[in-house]
Amino acid sequence: MKTDDDYNDKPISPQRHRNMAAIHSTGTKPEMIVRKYLFARGYRYRLNHPRLPGHPDIVLRRYRAVIFVNGCFWHGHEGCRYFRMPTTRRDFWERKITRNRERDAAEQRRLAAMGWHCITVWECQLRPTLRQLTLAALDYTLSSLYLSQHSPALPPTAIAAEPATPYTPEE
């Protein structure tokens, strides 16, 4: 009986190689859904900023926020029905997805230490049934961030007191 190590030594077939090479990390369909929504609502952003840890998918400098649009499979979305560990080469995939999760967490810690707010949108949250709810929640979160950072500092409120003597009209 073959073990996982026997599968790891097996060369990848040309068809599998073509399939895996066709998967890109930027410009994915879930990412495009989020980008179009944000742009239509007036948010302006940068893509994959090279100076920030992890090259976030969307960077909103005005809000000091970054958005990661994660695929459920590649980032190991716990409890998601769309994430299932492959049965072949299981050891390889477990190591890979664990590394991805650890890298994501480390990058978000570094961004938070730099003063950035990290938002993660999962691929399954952008399915047609949940899409509008997810995007509205994203809009609400960004609006809240902006208001918390840019609200004017108001002086302590003074209570308007009534005059000591009641007003009587002159006759």
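In what follows, every heavy atom counts, from backbone to side chain, and hydrogens, waters and symmetry copies are set aside. Because the structure is predicted, anything quoted here is derived from the model rather than measured.
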If you define the side chain from C-beta out and look only at heavy atoms, does anything of [X] sit under 4.5 Å from [Y]?
X	Y	answer
Q149	H117	yes
R62	R44	no
F73	P86	yes

Does [Y] offer a backbone N or O that forms a donor-acceptor pair with the side chain of [X] under 3.5 Å?
X	Y	answer
R41	D139	no
H55	H49	yes
E123	C72	yes

- Message: Could you list the cluster mates of Y146? Members are the ILVMFWY residues connected by side-chain heavy atoms closer than 4.5 Å, either directly or through other members.
- Response: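 Once heavy-atom contacts under 4.5 Å are chained together, Y146 belongs with I33, V34, Y37, L38, F39, Y43, Y45, L47, I58, L60, Y63, I67, V69, I119, V121, L126, L135, L138, L142, L145.
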- Task: Measure the CE-CZ distance between M114 and R109 for me, rounded to the nearest 0.5 Å.
- Result: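 Rounded to the nearest 0.5 Å, the CE-CZ separation comes to 15.0 Å.
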- Any chance you could measure M32, atom CE, to K29, atom NZ, to the nearest 0.5 Å?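 Taking CE in M32 and NZ in K29, the distance rounds to 11.5 Å.
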- Give the minimum heavy-atom separation between P53 and L111, together with the two atoms involved.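 Scanning both residues, the minimum pair turns out to be CD-CD2, 3.6 Å.
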- Query: Which heavy-atom pair separates I97 from W74 by the least distance, and what is that distance?
  - Reply: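 In terms of heavy atoms, the two residues are closest at CG1-O, 4.3 Å.
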- Partners meeting salt bridge (Lys or Arg N to Asp or Glu O under 4.0 Å) with R127 (sequence neighbours left out):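 Result, salt bridge (Lys or Arg N to Asp or Glu O under 4.0 Å) vs R127: none returned.
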- Task: Please test H75 against W122 for side-chain contact (heavy atoms from CB on, under 4.5 Å), starting from the C-alpha separation and ending with a verdict.
- Result: CA-CA 9 Å; H75 295 269; W122 291 96; 3.6 Å; yes
- Query: Counting only heavy atoms not in R46, do more than 12 fall under 6.0 Å of its CZ?
  - Reply: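 No, because the 6.0 Å sphere around CZ of R46 holds 12 heavy atoms or fewer from other groups.
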